[in-house]
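Worksheet for the structure shown next.
Owing to the predicted nature of the structure, the values given are computational and were not obtained by experimental measurement. What you see below is based on every heavy atom in this structure, not just the backbone, and it leaves out hydrogens, waters and symmetry mates.
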Amino acid sequence: MNATPGSRPVGALLLCRAEPSAVRPPAELLTEQLLLAPAGPEWSVLVPEGKPWIDDGEPVERVVTGWSTALAVAVPGRPVLALWWDPDRAGFTLATGFRRTVGYTWLADGTPVGEDEAVHTFADRLGLDPVLDVQALEPLTRPDPDADAVTRLVGLTAVLARIGLVLPGGVTPGASADRLRTAARAHGAELVAGIGWREAVRAELEAVEEGPYGSYLRGPRARLLGAAQLAAGVPLLGWGLARRSGGWATAGALLVAHGALGILYDRFRATR
């Protein structure tokens, strides 16, 4: 499955190890129109409606890295995997909370240009079997004249099927943005659009307060988490704005907003 450099479309998918109900509120804060659909037990897939990497001229890898980082921080304990591809390369970025993202890249012809250790870290953070699943991933890091970059991504999703990932039919790495959207809609994907900070935050607070992470909204944990998000978000926002990186600026803004709102919410509830 070889592709001629320059012939492949640009596209991306966001795979969240969480149910759509948990992904929807933070996804609305990205201010991007996305299609959200289930992708197996406790998995969701987000398909971008727009093409910011074309409209804004920013590399697709950088855009989706910012998105995945923001989502992973907003949904505690839930990894977010971004798959991306362009005419010259393809790869993945895994974000898990405040931890440093891990990623891997292949050239268009499938030549690996990442570090083998990244694949082992990837498997560990997703809870894959350290023997069987890692053995299945290792061929992705070795030269293979019959496997181009998109084939590598398809192989990656095949391994993730062992932990429940089931992509909707037609929603596959390497497809054009138009085909991805059409396939997602055909499988009943819902449109997630920016609904405004107030409404999105209210919906997220209600969902989290009723769930297992309610303790992070009030008390010492809430204050500690809010302070950590502010400490990480302010410099990240400044760095993203200075470099005109929409993805990283969005991640920083989301961190700042979450930190500030978390602290304010804790104080508001304490006074009631």
Side-chain angles (χ1 to χ4, degrees), residues 1-20 23-24 27-28 30-41 43-68 71 80-95 103-111 140 144 146-161 164-194 246-247 250:
M1 182 178 176
N2 294 315
T4 303
S7 65
R8 183 182 296 117
V10 182
L13 292 171
L14 290 172
L15 308 178
C16 309
R17 200 170 187 184
E19 297 179 351
V23 175
R24 187 183 305 107
E28 290 171 339
L30 294 178
T31 67
E32 293 286 342
Q33 289 195 339
L34 304 158
L35 292 171
L36 173 64
W43 280 91
S44 303
V45 59
L46 285 164
V47 179
E49 268 278 272
K51 304 174 184 177
W53 39 83
I54 295 178
D55 299 335
D56 301 332
E58 190 173 359
V60 60
E61 177 185 7
R62 187 180 302 171
V63 173
V64 297
T65 295
W67 288 352
S68 61
L71 288 172
V80 180
L81 176 64
L83 306 181
W84 57 270
W85 54 93
D86 63 27
D88 301 314
R89 302 179 305 153
F92 70 80
T93 300
L94 177 67
Y104 200 89
T105 302
W106 296 272
L107 300 182
D109 63 2
T111 302
L140 301 177
D144 183 349
D146 296 323
D148 66 4
V150 168
T151 302
R152 305 287 199 173
L153 289 181
V154 173
L156 181 71
T157 59
V159 176
L160 295 181
L165 177 68
V166 182
L167 287 173
V171 180
T172 56
S176 68
D178 294 336
R179 288 186 178 181
L180 290 174
R181 290 195 298 268
T182 299
R185 292 193 189 100
H187 288 275
E190 62 174 301
L191 178 63
V192 177
T250 298

Are [X] and [Y] side-chain neighbours, meaning at least one heavy-atom pair lies under 4.5 Å?
X	Y	result
L15	L165	yes
E32	W67	yes
L46	L71	yes
L83	V64	no
P173	W85	yes
L36	V23	yes
V47	V171	yes
W84	P59	no

**Request:** Apply ring-ring contact (aromatic ring centres under 6.0 Å, His included) to W106 and list each qualifying residue two or more places apart in sequence or on a separate chain.
**Result:** Y104
**Donor-acceptor pair between D109 and T111 side chains, under 3.5 angstrom** = yes
**Message:** Run the side chain to side chain donor-acceptor pair (under 3.5 Å) test against S44 and tell me which residues pass, sequence neighbours left out.
**Reply:** none
Measuring from [X]:[atom1] to [Y]:[atom2], what's the distance to the nearest 0.5 Å?
X	Y	atom1	atom2	value
D144	T151	CG	OG1	8.5 Å
L160	L156	CG	CG	5.0 Å
L13	T172	CG	OG1	8.0 Å
C16	R24	SG	CZ	12.0 Å

**Prompt:** Hey, is E190 close enough to R185 for a salt bridge, meaning N to O under 4.0 Å?
**Reply:** no
**Request:** Output all residues satisfying salt bridge (charged side-chain N to carboxylate O under 4.0 Å, His left out) with R179, sequence neighbours left out; order by chain, then residue number.
**Result:**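 Listed in chain order: nothing, the list is empty.
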Atom of [X], atom of [Y] and distance for their closest heavy-atom approach:
X	Y	value
G174	V150	CA-CG2, 3.7 Å
A183	G169	CB-O, 3.6 Å
P168	A39	CD-CB, 4.5 Å
A12	P48	O-CD, 3.4 Å
L35	A184	CD1-CB, 4.0 Å

Could you check whether any side-chain N or O of [X] sits under 3.5 Å from a backbone N or O of [Y], counting only pairs where one atom can act as donor and the other as acceptor?
X	Y	result
H187	A37	no
R89	A108	no
R152	G110	yes

**Item:** R17 vs V80, side-chain contact (heavy atoms from CB on, under 4.5 Å): CA-CA, chis, key distance, verdict
**Value:** CA-CA 6 Å; R17 200 170 187 184; V80 180; over 6 Å; no
**Item:** Single hit among L34, L167, L180 for side chain to side chain contact (heavy atoms under 4.5 Å, CB included) with V45
**Value:** L167
